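Read through the structure below, which is laid out as structure tokens, and then see the notes.
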Amino acid sequence: MTKSELNLVVIGGGTGSFTLLQTFKRSFDSISALVNMADNGGSSGMLRDELGVLPPGDIRQCLVALSDTPELRDLFNYRFDSGTLKGHTVGNILLSALEKSTGSFTKAVESASRILRITGRVIPITTIDTHLVMLDSEKKIITGQSLIENTDMSREMKPELSLEPNAGINPAAREALLNADIIVIAPGNLYSSLAPALLVRGVGEALSESKAKKVYVCNLVTKPKQTDDYSVDDYAAEIERFIGSPVLDYVFYNNDQPPKNLLEKYTHDGEYLVKYQPSSLDDRHYLAIGLPLIAKEEVKIKAGDPLAHNRSLIRHNPSLLVPEIMKIYKNNY
């Protein structure tokens with residue numbers, strides 16, 4: 001199969017970006033993954049605290065997703081389940097070691113990219129050591145992505161989020177956005193994964209300035225006490241609030257049902273399929289497109305993962321997005 005030459009940029013981090021990238025690499029040669037850099041939980045959080053490095057976890061996931069070397073992919077994702085390294089992955093440790101030895105996180109990512117022989121590029125959206133901060137309705141400050149990810153926001157209306165310090169965009173990330181043909185905002189935790197990528201100073205301006213078509217792939221399920229009752233247009237509105245302007249051209253959402261056993265498990269845990277009302281989406285400035293985006297195979301969580309309880313068992317089927325992206329690129333919508 002001949003790969004498309006379109007210049008594709010994916011913004012996000014974590015399992016959302018991982019799921020899209022591992023499929024997109026089979027169809028697109030020019031891929032740039034721009035990655036959220038505010039993670040402070042699990043292995044990344046421990047390495048940040050103990051070594052003073054930037055968080056490697058989401059970067060590692062994107063590198064692994066774009067690699068075509070199975071043995072190295074498995075090695076980078078190997079997670080120790082005992083001893084002093086319990087909870088750490090080999091890839092996180094290697095990226096941190098490369099950062100310490102080269103004195104540059106950018107060089108560390110470039111070295112790891114060569115080791116894994118990836119398709120495209122993985123680019124930290126900022127290289128400033130920054131943390132996600134939330135100011136709740138009682139004016140209480142909550143600091144750190146991991147804390148915010150588990151904060152009850154049911155009483156909040158459009159939570160006030162920022163980065164501390166106010167990190168600026170990595171010049172390489174800005175260049176990727178300005179040179180893109182298609183920009184895809186990946187699915188992910190709205191307030192703890194996507195917000196810290198989109199809130200980076202300069203990202204909103206670059207998205208507005210870029211002539212690329214901007215696409216948002218909406219989440220499949222809601223997050224309890226954070227996005228309860230959110231519909232597709234609620235998610236899109238929050239994405240554009242973080243960006244600072246109505247830049248979206250297309251929003252893809254799921255209109256399918258997962259296997260019954262998974263749906264029952266999610267409902268039991270307080271997670272529900274994201275709602276959509278085609279009539280309410282018709283008058284938006286973006287084109288909303290419903291597709292059967294749920295992957296039919298259940299995701300297996302690896303032993304030793306300290307954040308296993310946060311890993312989604314329902315994932316997107318990105319293969320359906322590839323022809324849609326090509327239709328956008330060829331102006332066939």
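Everything quoted here is computed from the prediction, not taken from an experiment.
- Contact of the Glu175 side chain with the Leu178 side chain is not registered, since no non-hydrogen atoms from C-beta on lie closer than 4.5 Å.
- Atom CD1 of Ile169 and atom CD1 of Ile125 lie 5.5 Å apart (nearest 0.5 Å).
- Both Tyr286 and Tyr230 are assigned to one and the same hydrophobic cluster, defined by single-linkage of ILVMFWY side chains at heavy-atom distances under 4.5 Å.
- Annotation: side chain of Tyr191 is in contact with side chain of Thr227 (closest heavy-atom distance under 4.5 Å).
- A donor-acceptor pair shorter than 3.5 Å can be found between the side chains of Asn77 and Arg60.
- Minimum heavy-atom separation, Leu98 to Ala112: CD1-N, 4.2 Å.
- Judged by distance alone, the side chain of Ser111 and the main-chain N or O of Lys107 form a donor-acceptor pair under 3.5 Å.
- Of all heavy-atom pairs between Pro196 and Ser192, the closest is CG-O, 3.4 Å.
- The side-chain contact (heavy atoms from CB on, under 4.5 Å) with Thr130 is formed by just one residue from the set Leu163, Asn40, Leu54; it is Leu163.
- The distance from the CG atom of Leu220 to the OG1 atom of Thr19 is 9.5 Å, given to the nearest 0.5 Å.
- By the 4.0 Å N-to-carboxylate-O rule, Lys214 lies too far from Glu240 to be salt-bridged with it.
- Summarising the geometry of Val53 relative to Glu99, their closest heavy-atom pair is CB-OE1, 3.1 Å, with the distance given to 0.1 Å.
- The cluster map of Ile, Leu, Val, Met, Phe, Trp and Tyr, joined by side-chain heavy atoms under 4.5 Å apart, puts Phe18 and Val217 in the same cluster.
- Residues Leu161 and Phe242 are in side-chain contact: their nearest non-hydrogen atoms beyond the backbone lie under 4.5 Å apart.
- Between the side chain of Arg79 and the main chain of His88, no donor-acceptor pair closer than 3.5 Å is present.
- Screening Leu8, Leu6, Ile328 against Asp181 for a side-chain contact (heavy atoms from CB on, under 4.5 Å) leaves a single residue, Leu6.
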Note to self: Could you walk me through whether Asp136 and Met134 satisfy the side chain to side chain contact (heavy atoms under 4.5 Å, CB included) test, starting with their C-alpha distance in whole Å, then the side-chain angles of each, then the deciding distance to 0.1 Å, before giving a yes or no?
What the structure shows: CA-CA 6 Å; Asp136 70 14; Met134 173 181 164; 4.0 Å; yes

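- Salt-bridge formation is not detected for the pair Asp39/Arg48: no Lys NZ or Arg NE/NH1/NH2 atom is positioned less than 4.0 Å from an Asp or Glu carboxylate oxygen.
- A salt bridge links Arg241 to Glu238: at least one charged side-chain nitrogen sits closer than 4.0 Å to a carboxylate oxygen.
- For the pair Leu194/Tyr216, a side-chain contact is recorded, criterion being any heavy-atom separation below 4.5 Å from C-beta on.
- Nearest heavy-atom pair across Val133 and Glu164 is CG2-CB, 3.6 Å.
- Side chains of Ile294 and Leu273 form a contact here, defined as non-hydrogen atoms less than 4.5 Å apart.
- Environment of CD1 in Ile141: sparse, with no more than 12 heavy atoms of neighbouring residues, nucleotides or ligands closer than 6.0 Å.
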Notebook entry, point to check: Would Phe28 and Met326 satisfy side chain to side chain contact (heavy atoms under 4.5 Å, CB included), going step by step from the backbone distance to the final call?
Noted result: CA-CA 10 Å; Phe28 308 110; Met326 289 306 303; 3.7 Å; yes

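- Between the Asp249 side chain and the Lys213 main chain, no donor and acceptor come within less than 3.5 Å of each other.
- Side-chain contact between Leu320 and Leu293: present, with at least one pair of heavy atoms (C-beta onward) separated by less than 4.5 Å.
- In this structure, Thr126 contributes its side chain and Ile128 its backbone to a donor-acceptor pair below 3.5 Å.
- The shortest heavy-atom contact between Cys62 and Ser17 is SG-CB, 3.9 Å.
- If you take CG on Asp228 and OH on Tyr272, they are separated by 8.5 Å, rounding to the nearest 0.5 Å.
- In this structure, Gln22 CD and Leu66 CG are separated by 9.5 Å, a value rounded to the nearest 0.5 Å.
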Checklist line | Step-by-step side chain to side chain contact (heavy atoms under 4.5 Å, CB included) determination, Arg121 to Val109 | finding: CA-CA 9 Å; Arg121 298 183 300 164; Val109 176; over 6 Å; no

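- For the 3.5 Å distance criterion, the side chains of Asp282 and Ser279 fail to qualify, holding no donor opposite an acceptor.
- Both Val35 and Leu21 belong to a common hydrophobic cluster when Ile, Leu, Val, Met, Phe, Trp and Tyr are linked at side-chain heavy-atom distances under 4.5 angstrom.
- A donor-acceptor pair shorter than 3.5 Å can be found between the side chains of Asn7 and Ser30.
- In terms of modelled atom types and a separation under 3.5 Å, the side chain of Thr151 and the main chain of Met153 share no donor-acceptor contact.
- Separating the OH atom in Tyr253 from the CG atom in Leu281 is a distance of 5.5 Å, to the nearest 0.5 Å.
- Using a 4.5 Å cut-off between side-chain heavy atoms of Ile, Leu, Val, Met, Phe, Trp and Tyr, with links allowed through other members, Val9 and Phe252 fall into different hydrophobic clusters.
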Next item on the list: Show the numbers, then the answer: is there a side chain to side chain contact (heavy atoms under 4.5 Å, CB included) between Gln226 and Asn189?
Entry: CA-CA 10 Å; Gln226 291 205 346; Asn189 190 300; 3.8 Å; yes

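- Using a 4.5 Å heavy-atom threshold, the side chains of Met37 and Pro55 count as touching.
- Side-chain atoms of Ile243 and Ile185, non-hydrogen and from C-beta on, do get closer than 4.5 Å to each other.
- Cluster annotation: Val251 is not connected to Val322 through the hydrophobic network of ILVMFWY side chains, with a link wherever side-chain heavy atoms come within less than 4.5 Å.
- Separation of atoms OH (Tyr250) and CD1 (Ile325) is listed at 11.5 Å; rounding is to 0.5 Å.
- In this structure, Val274 and Val232 approach most closely via the heavy-atom pair CG1-N, 3.6 Å.
- A donor-acceptor pair is defined here as one N or O able to donate and one able to accept, closer than 3.5 Å; such a pair exists between the side chain of Ser208 and the backbone of Gly204.
- No donor-acceptor pair closer than 3.5 Å links the side chain of His316 to the backbone N or O of Asn254.
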